[in-house]
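Quick caveat: nothing in here was measured; it's all calculated off a predicted structure.
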Amino acid sequence: MQIGSGETGTPPLTLTGPQLQFPAMPTPKKVVFSYDPDEFEDFVKEWVPALNTKYVRVERHGGSGDHGIDVAGYLTPQGLEGDWHNYQCKHYGDPLTWSKAAPEMRKMFAAAVRGHFTVPKRYVFVAPMIGRSLVRLFAKPSDTRRDFLEDLKSTRDDVITSLSNSQREAVEKLAEGTDFSMFETVDMDEMIALHRTTPHWATRFPQPQVARPQIMVPPPEHGPDEARYVQQLLDVYRERWGDTTSSLEQVAEHRQASEHLRRQREAFYSAESLRLFARDASPEGHFEAVLDDVFDIVVEVADGIYSLGWERLQAVLNSAGQVELTETILTKYVRPLDRKGVCHHLANEDRLTWCQEGDT
């Protein structure tokens, strides 16, 4: 029987342990609403790199003397002297409105006139709640500029009244020549969805620790998802024991090969159960991080010179047990058998090959 010949009628794979159940926890949105202004700025700084924009670096400026910059994303190494984006954080108990946004906009233009920085390409107001009227106004940049210039003429804001006459004229001229589509708001649900993709999500919004379900029991028949790593094992067996182990039927009759294959399938499904657990209980990419950690170390072992693929396989499996994994919320769930199974997952993707040309 060749690999995959038993696919028809193969029973579905299931976890033998209980299903994951999480106790009720405050939603991330409620958690963000509870932040004080400083913690909210930290949250925004974590979120900004998740945007599609490729920033050279992201810095938090919030505090006295920040000239209206809370979090800055730099598009060039020139920082505030080149192209950049400003994320203005406003954490209030009520929605952000024009009366609260306009003073920040005036502060930005005044600081630009005074030479503290160039006008940003984007100016994004970030707040847990945004007033609908502000969203509608920003949707019409020409109306936004008109309202800003009208307010500028009558404002008693110290940021403007402290300017000289020539500086006030410069602010007005700068605003007149600025495309006010640069001013935006961001939806909190969108922020939270993007923050979920960052490494900070797991530490900022930790889930209660749950028991990992029992490992999967390999089904009697080899499934299609096992084809490549099992074929690689057949190559190893044929190289070591000859044509008496060229097929799965022959391996089943060979005591050493059949026992070895059984153990490797148990390891593969142990790692597979970890992958499914990670999919349901941890942020995306954490199982892949385990794969990469193991691969980065064992690939150097696999590149060694060996007489047989069997020797390479054993050396790699042994070294996998010594890999120091990057600390994540998934790491504490990784068992020794998972590490061996991860090697077979890598072989299943052809990232590792046991029998190689040139083996002596």
Contacts table for residues 310-321: side-chain donor-acceptor under 3.5 angstrom, sequence neighbours left out:
residue, atom, partner, partner atom, Å
Glu311, OE1, Ser307, N, 3.1
Arg312, NE, Ala302, O, 2.8
Arg312, NH1, Trp354, O, 2.6
Arg312, NH1, Asp359, OD2, 2.9
Arg312, NH2, Gly304, O, 3.3
Arg312, NH2, Asp359, OD1, 2.8
Gln314, NE2, His260, NE2, 3.3
Asn318, ND2, Gln314, O, 3.2
Ser319, OG, Ala315, O, 3.3
Ser319, OG, Val316, O, 2.9

Taking Ser273 as the fixed residue, which of Arg335, Gln214, Arg212 is the one that meets the side-chain hydrogen bond (donor to acceptor under 3.5 Å, both in side chains) rule?
-> Arg212

Is it true that Asp42 and Lys45 make a salt bridge, defined as a side-chain N closer than 4.0 Å to a carboxylate O?
-> no

Is a side-chain N or O of Gln250 found less than 3.5 angstrom from the main chain of Ser247, in a donor-acceptor match?
-> yes

Between Asp187 (side chain) and Glu190 (backbone), is there a donor-acceptor pair under 3.5 Å?
-> yes

Hey, do the aromatic rings of Tyr123 and Phe125 have their centres closer than 6.0 Å?
-> yes

Main-chain N/O of Phe180 paired with Thr178 side-chain donor or acceptor, under 3.5 Å = no

Under 30°, 30 to 60°, or over 60°: which ring-plane class applies to Trp241 and His254, parallel, tilted or perpendicular?
-> tilted

Is the backbone of Gly223 close enough, under 3.5 Å, to the side chain of Glu226 for a donor and an acceptor to pair up by distance?
-> yes

Ignoring hydrogens and angles, tell me if any N or O in the side chain of Thr118 forms a donor-acceptor pair with the backbone of Leu80 under 3.5 Å.
-> yes

Please identify each residue that fulfils side-chain hydrogen bond (donor to acceptor under 3.5 Å, both in side chains) with Ser142, with sequence neighbours left out.
-> none

State, yes or no, whether a side-chain contact exists between Phe117 and Glu81 at a heavy-atom distance under 4.5 Å.
-> no

Side chain to side chain, Leu352 and Tyr229, heavy atoms closer than 4.5 Å = no

Can Glu176 and Lys173 be counted as an ion pair, charged N to O under 4.0 angstrom?
-> no

State, yes or no, whether a side-chain contact exists between Val126 and Gln88 at a heavy-atom distance under 4.5 Å.
-> no

From CZ (Phe138) to CE (Met182), nearest 0.5 Å | 10.0 Å

List the steps, then state whether side chain to side chain donor-acceptor pair (under 3.5 Å) holds for His85 with Tyr55.
-> CA-CA 9 Å; His85 296 164; Tyr55 293 114; 2.7 Å; yes

Is the number of heavy atoms from other residues, nucleotides or ligands within 6.0 Å of CG (Asp243) greater than 12?
-> no

For Glu324, does the CD atom have more than 12 heavy-atom neighbours from other residues, nucleotides or ligands under 6.0 Å away?
-> no

Considering only heavy atoms from C-beta outward, does the side chain of Cys343 approach that of Val294 to under 4.5 Å?
-> yes

Quick one: are Met188 and Met191 in side-chain contact, heavy atoms under 4.5 Å?
-> yes

Interatomic distance, CG@Asp70 vs CD@Glu104, rounded to 0.5 Å, equals 7.5 Å

Between Phe295 and Arg351, is there a cation-pi geometry (under 6.0 Å to ring centre, at most 45° from the normal)?
-> yes

Is the number of heavy atoms from other residues, nucleotides or ligands within 6.0 Å of CG (Asp350) greater than 12?
-> yes

Carboxylate-amine/guanidinium proximity below 4.0 Å for Lys332 and Glu327 = no

Determine yes or no for a side-chain-to-main-chain donor-acceptor pair under 3.5 angstrom, with His222 supplying the side chain and Val230 the backbone.
-> no

Distance, nearest 0.5 Å, that separates NZ of Lys90 from OG1 of Thr97 = 11.5 Å

Under 3.5 Å donor-acceptor, Gln167 side chain and Ser164 backbone = yes

Would you say the side chain of His344 lies within less than 4.5 Å of the side chain of Leu233, judging by non-hydrogen atoms?
-> yes

When rounded to the nearest 0.5 Å, the distance separating CG of Leu75 from CZ of Arg122 is 9.5 Å

Look up atom CG in Leu330 and atom CG in Leu325, then write down how far apart they are to the nearest 0.5 Å.
-> 9.0 Å

Spatial distance of atom OG (Ser258) from atom OH (Tyr237) [nearest 0.5 Å] | 8.5 Å

Does Leu152 offer a backbone N or O that forms a donor-acceptor pair with the side chain of Arg106 under 3.5 Å?
-> no

Under 3.5 Å, is there a donor-acceptor pair between the side chain of Ser270 and the main chain of Glu266?
-> no

With a distance cut-off below 6.0 Å to the six-membered ring centre and an angular limit of 45° from the axis, does Lys100 pair with Tyr92 as a cation-pi contact?
-> yes

How about Phe287 and Leu291: do any of their side-chain heavy atoms sit closer than 4.5 Å?
-> yes

Given Trp47 and His195, is the ring pair (Phe, Tyr, Trp, His ring centres under 6.0 Å) satisfied, shown in steps?
-> CA-CA 5 Å; Trp47 161 75; His195 190 280; 9.1 Å; no

Assess whether side chain to side chain donor-acceptor pair (under 3.5 Å) is satisfied between Asp293 and Thr326, documenting all intermediate values.
-> CA-CA 7 Å; Asp293 279 349; Thr326 302; 3.0 Å; yes

Thr353 (side chain) donor-acceptor with Cys355 (main chain) under 3.5 angstrom = no

